[in-house]
Structures are given as C-alpha cells and as structure tokens.
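In the text below, chain A, chain B and the rest are named by the order of the sequence lines, each starting its count at 1. Remember, it's a predicted structure, so these values are computed and weren't measured experimentally.
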Amino acid sequence: MSSDAAPSRDFIRKIIDEDLASGKHKEVVTRFPPEPNGYLHIGHAKSICLNFGLALEFPNSRCHMRFDDTNPSKEEEEYVQSILADVQWLGFDWGEHLYFASDYFDQLYEYAEHLIQTGKAYVCDLTPDEIREYRGTLTAPGKESPYRDRTVEENLDLFRRMRAGEFPDGSRVLRAKIDMASGNINLRDPVLYRILRASHHRTGDRWCLYPMYDYTHPISDALEGITHSLCTLEFEDHRPLYDWTLDHLPVPCHPRQIEFARLNLAYTVVSKRKLIKLVQHGHVSGWDDPRMPTISGIRRRGYTPEAIRAFCERIGLAKNDSIVDMALLEYCIREDLNERAPRAMAVLQPLKVVITNYPAGKTEELTAQNHPQQPEMGQRTVPFSREIYIEQDDFMEQPPKKFFRLAPGREVRLRYAYFIKCEEVVKDASGKVVELCCTYDPATIGGAAPDGRKVKGTIHWVSAAHAVAAEVRLYDRLFTKENPDDAEEGKDFRDYLNPESLITLTGCMVEPSLANSAPEQGYQFERQGYFCADRRDSRPGHLVFNRTVTLRDSWEKTKEK
RNA sequence: UGGGGCGUCGUCAAGCGGUAAGACACAAGACUUUGACUCUUGCAUUCGCAGGUUCGAAUCCUGCCGCCCCAGCCA
C-alpha cells in the first residue's frame, strides 16, 4: 500500500500548519458551536470530528463545546442535553471547556455600548418592514435609516432604556453603522440587538434584549481565545462582518474564520428545519427514529461512533458542494461491525423443515464460532433438533441457474450442523410451500463431509423447539429521491418519502443465545446483515431488532441477470 | 444588472507549471462451512468550455458557460 505516501492534508489543516510554522499560534483552539434548537445530525458529526479531531491532532490544543443560545424563542434545555450526549457518544471530550454564548451577555452588552460610544452603532426605530425596504435588494443599494445619525448620548440613552424594558418587542434595534450601499448585504447596517421578551433557558427573564449571531459569534470566539473558527460555506458572506466586529472592539484576539462545505447525504435531508418537520408531522417516530440521519437515530439504528468517525475522515474536507453516497456510510459500518460483531443465526421469514430421519425428541448442542476470523471471540452452542426453520428465500421449488440453496432433491449444508437433502415439499390449499421434509446425513455433523462430498450452499437455520420469537425492523432509505431538497414545482421534500423505509417483520425466529441481547450490541445475523436490539422497544420476552445494514449481497446482483 | 463561493472518474477527493493519488461504487476472477470477509485485476490520453502564454498547463492569463449561497429584529 501507500504506507510511505503522506496522506493528503485538507486546506484547513494546511492553514493551521502554516500558522503554527510561522509562529502565529502555538496551539490550536477550535470550537463546536451548535444552537440548541434541535438534535444533532450526521452533518454536525462532520463538524464535530473536524473541530475535536484538530484539537486531538495538534499538541496542547483543545476544542470548546459552546452553545450559541442567543435566540430564546427557539431554544430548549432538552436540546442542550441531547447535544451533549451525542457529542460524548461520538467519543469526544470538551473537558472543562463547556460554554454558552449566554454566559457572555454582560460582556456583549458592554461591547455594544463601546460601539455606540465610538459611533459605530446606533439605535434604529424603523419597523421590521421598513428595515427590509431600506436594506435594498441584491442588485440595488439600500438607503440610510433616518435614525442613523443620532448622537452618541441619545443612542446610549435609548439603548439603556431598551435594556431596561421601556420599549415593546420589535420597536427598536441596535444596528452597526457600516455601509448601506455595500454589495454584501450583511454589511448594510446589520442588526446587533433586538428586543425580545422570551424566557431564556439559562438566563431566565434577566434580559429583554438579545444579541444577534453575527455580533455574538466573533466576540465569543475572541473571548475564548479561539484560533480557528470553522463554519460552513453559507457564512462566507458573513466573514467581513465577523472581522468588522472584532476590528472595532477591544477584544483579546482576532480568530480566523474559515469556511468548508457542509455534508449532504444522498436520499436523506440534513437540515434541522426539515428534520424537525418530519418529527412534528409524525413522518417518523421521533428524533431518534432509526431512519433519521440524526446522531441519535443512527445510533439507535446500530451505527457505532467508530464507524461515524471513519466516515467523517473518508468524506474529506473541501469547499465543493457535494452529496455523499450513502454507500460510503454503509461501507464504514460494515467495516467496523465485520470486525467486532459476534455472529448469530436468525431466521427472518421462517419456513419449517422436518428432518424425517432425525430422532424425535432428540436435541444436540452444536458448536458455532462467534467470529470466523477471530477465534478469540470464542464459541457458543446452538441447539439442533428434528424440526427447524430456514429462510423462505433459501428454498426454491424451481431454482434458476446458479441458485446454490435448497430445492427438491438438492443437498445443502446447515451451518455448523449437517447436510440435509430436500425430499418432499408440502403445500397448502393455495399452493404455497408451507413445509419441507428433508433427510440429514449423520456423518456430516459440524458441516464437514468425511467422504469429501461438496455442497454449493450453506444456509442458516434455527431449531424450532428452541427458537426465540422476535420482531425485526428492516430499514431502507427515508426518501426515494437522491436530493429531496431539489423538489419539483409545487412539491416539497416530504413528497419523496419512501413508503417502504420501514418494514416490520414479526414472527422471526432467532437462536436462543440472542434472548438476552443488550440494546445497541451489534450482531451479524449470518448471511443477512448487522442487527442490534432496539434501545427503546426491545426487552427480554419481546425482542425487537433493528437492521443496521445488510451484508453485501452478490446473489442479489447475479439474480437480476 | 450586486456581492461571495465552486466547477478533476458514477460519488467523494488529491494535485498548485513537468506530463491525472486514494477511497466508495462498479466489473471480472480467486478463496470460502456466511453467495459475508479477504485477495487479485480492471476502471479519467483527461481535468466545465474556448482561446492564449510556455519546450511543457488540471495547474498561469483572457473570455465564456454552469452550479451554490446572501435581501430574518434565525443561526
């Protein structure tokens, strides 16, 4: 392999390398700054892995966990808890560095007065509609507010009275005095503070005016000594305002904002606004529905932190708008689970098989490997008896070419058990196959034929008398369209929901060792895929397994030919 | 008709003037008590297009074309 080839470094790491080499910085300090207004999703995972990953890569570095909680009308404590839990679950640690933008409200306020005092900010009485009108359009410059030239004294007085609660919500704002004719709309005297009587999850009713993101973010970064402030592309236009803010305030340092492309995943949506809509309209069971691209959903589905981190490394980092193929995510979880998941046998759609020459009432405990490549994972015992279940798909009355499984007169191997041969097919009145009568070869115990006889197929099975019933949930992509955001006229992303994204199978039969499987423990159900017991709904006596991902299936492909 | 970005294989993504990395996907084959895993092999004469500079260009210049973001008192 290319073990000698240095892995290519992304543009952000190159910038950091230079800053370290030039002595601009001695360590790197990043931050992950979510707004607590929803659950984290796979797109956030990219940012988390980047920011916390950087802190781990560079000496003496750290990553701050910071909530951007400047809009109490949308934010909730439930979200901060879920976000913290998700970041931790992903495997990252902010140590002592947990912050809230709301911790800086006092400092932010003082800085605002400083801006007023230096003539860089003013109180504006225009209504929201008027502000929009005065802002101009993308192609036409805006015009200056009639309140733009108030005296420092008047501005200070008004701003203090805004804080004191003398004016109703929305009646006045504090604006930066920059340039109403700028081609960059963010620079057309952006609003810095608005009056908003909403109870804040941390500061309660202490404030009735709240700072805006564009004002809060650069200052929070500077106060924390952030060196590199990484955000997504849509904030590129905001960078001049980020810099303006820090240039006009006596802040301790001036972090560099760098933007990268957000992650988009095919056949799903990655936007809190849309995800919350799916939850609120009942299209999914909740934020942690296993079909959701949320961290908690993916987790419940059976993905591991290791797989998600590997995925985030593999997708790369650049400024191209991109839609990553779901196949990469699936590759990452298969790679991880193939290595670590114990194997087990589970029959999802049972077909009864009676082994006519096997003694009734007899039970054998056969030995099975927990992992074919890793003997250290040990062995277990699987009961075998006269009546077993096999997968309906593993039998065909009229098998096509290259079908290696069971068919009339054909012999296959029951994994870890015996060779059996199909002697008779039992059907019901409608002609549906309901049972198979087979014979077994006692000499093939364990699955090896002493006479060297070969069989093409090996199938999984479970002893009917010992099987444990389970419910199994098969998940598929949530949307039928690769980019649901790209909706046709008159439609929205929800018109592309996949009606078969969840198929619930009941009456599945699993081997007895699975009876007490712990939630989130990943298993490979041999020949089928990776599954885990649902952390919400599964319990002993009522097993519920989620299919995390299928195994690669080359038979599916040859079958189609 | 404004401002800011981006265009390299089906999907991500290296490359930054010296003659197209890698990964996923896909295809073919080997192995196999999971049609899994693993292994082997193949997969961009070409870098949005057109000119130009140069011995030499995906890389430099010019002009087009296409896509994304911005007009919240959201972040």
field: Salt bridge present between A:Asp441 and A:Lys421 (N-O < 4.0 angstrom)
entry: no
task: For A:Arg135, report the nucleic acid contact type (base, sugar-phosphate, nothing); a contact means any heavy atom under 4.0 Å.
output: sugar-phosphate
- prompt: Between B:G5 and B:G10, how far is it from one C1' atom to the other, in whole Å?
  reply: 25 Å
task: Quote, to the nearest angstrom, the C1' distance that separates B:C47 from B:U19.
output: 13 Å
B:A44 versus B:A21 - spacing of their C1' atoms, nearest Å: 13 Å
message: Can you confirm whether or not the ring centre of A:Trp555 sits under 6.0 Å from the ring centre of A:Phe404?
response: no
message: Quick test of the criterion, 5.5 Å between centres and less than 30° between planes. Is A:Tyr213 stacked on B:A75 or not?
response: no
- prompt: Just checking A:Arg405: base, sugar-phosphate only, or nothing, at a heavy-atom cut-off of under 4.0 Å?
  reply: base
field: Touch class at under 4.0 angstrom, heavy-atom based, for A:Leu187 against every strand present
entry: nothing
task: Look at the side chain of A:Asn320 and decide which nucleotide, out of B:U8, B:G10, B:C37, has an atom nearest to it.
output: B:U8
query: Is the distance from OP1 or OP2 of B:G35 to the nearest side-chain N or O of A:Lys401 less than 4.0 Å?
result: no
- line: Paired to B:C6 by Watson-Crick or G-U wobble criteria (both distances under 3.5 Å) is B:G66
- request: Look at the side-chain N and O atoms of A:Ser554 and state whether any lies under 4.0 Å from the OP1 or OP2 oxygen of B:A36.
  value: yes
Base B:G4 to side chain A:Asn184, donor-acceptor N/O within 3.5 Å cut-off: no
field: Check: A:Phe384 ring centre within less than 6.0 Å of A:Tyr418 ring centre
entry: yes
task: Select base, sugar-phosphate, or nothing to describe what A:Phe404 touches, counting heavy atoms under 4.0 Å on all strands.
output: base
message: Given the ring of A:Phe419, does A:Arg413 sit roughly above its face, with NZ or CZ under 6.0 Å from the centre of the six-membered ring and within 45° of the axis?
response: no
query: If you look at every strand shown and take non-hydrogen atoms under 4.0 Å, does A:Leu192 touch a base, only sugar-phosphate, or nothing?
result: nothing
field: Base paired to B:C26 (Watson-Crick or G-U; both N/O distances under 3.5 angstrom)
entry: B:G42
task: Check whether the ring centres of A:Tyr79 and A:His201 lie less than 6.0 Å apart, and answer yes or no.
output: no
query: Does A:Pro372 or A:Gly136 map to a spot on RNA chain B nearer the 5' end, using the closest nucleotide for each?
result: A:Pro372
query: Would one find a side-chain N or O of A:Thr70 under 4.0 angstrom from OP1 or OP2 of B:A75?
result: yes
- request: For B:C64 versus B:A23, give the span between their C1' atoms, rounded off to a whole number of Å.
  value: 34 Å
query: From the list B:A25, B:C69, B:G35, which nucleotide is the closest neighbour of the side chain of A:Tyr331?
result: B:A25
- request: Select one nucleotide: of B:C70, B:C74, B:G35, the one nearest the side-chain heavy atoms of A:Met212.
  value: B:C74
message: Check this for me: does the side-chain of A:Arg132 come within 3.5 Å of the base of B:G72 through a donor and an acceptor?
response: no
message: Whether A:Arg527 and A:Glu391 form a salt bridge (side-chain N of Lys/Arg under 4.0 Å from carboxylate O of Asp/Glu) is what I want to check.
response: no
task: Please evaluate the base of B:U34 for a donor-acceptor partner in the side chain of A:Gln524 within a cut-off of under 3.5 Å?
output: yes
task: Just call it for A:Asp68: base, sugar-phosphate, or nothing, with non-hydrogen atoms closer than 4.0 Å on any strand.
output: sugar-phosphate
task: Ignoring backbone atoms, establish whether A:Lys456 has a side-chain N or O less than 4.0 Å from OP1 or OP2 of B:U32.
output: no
task: In whole angstrom, give me the gap between the C1' atoms of B:C9 and B:G4.
output: 29 Å
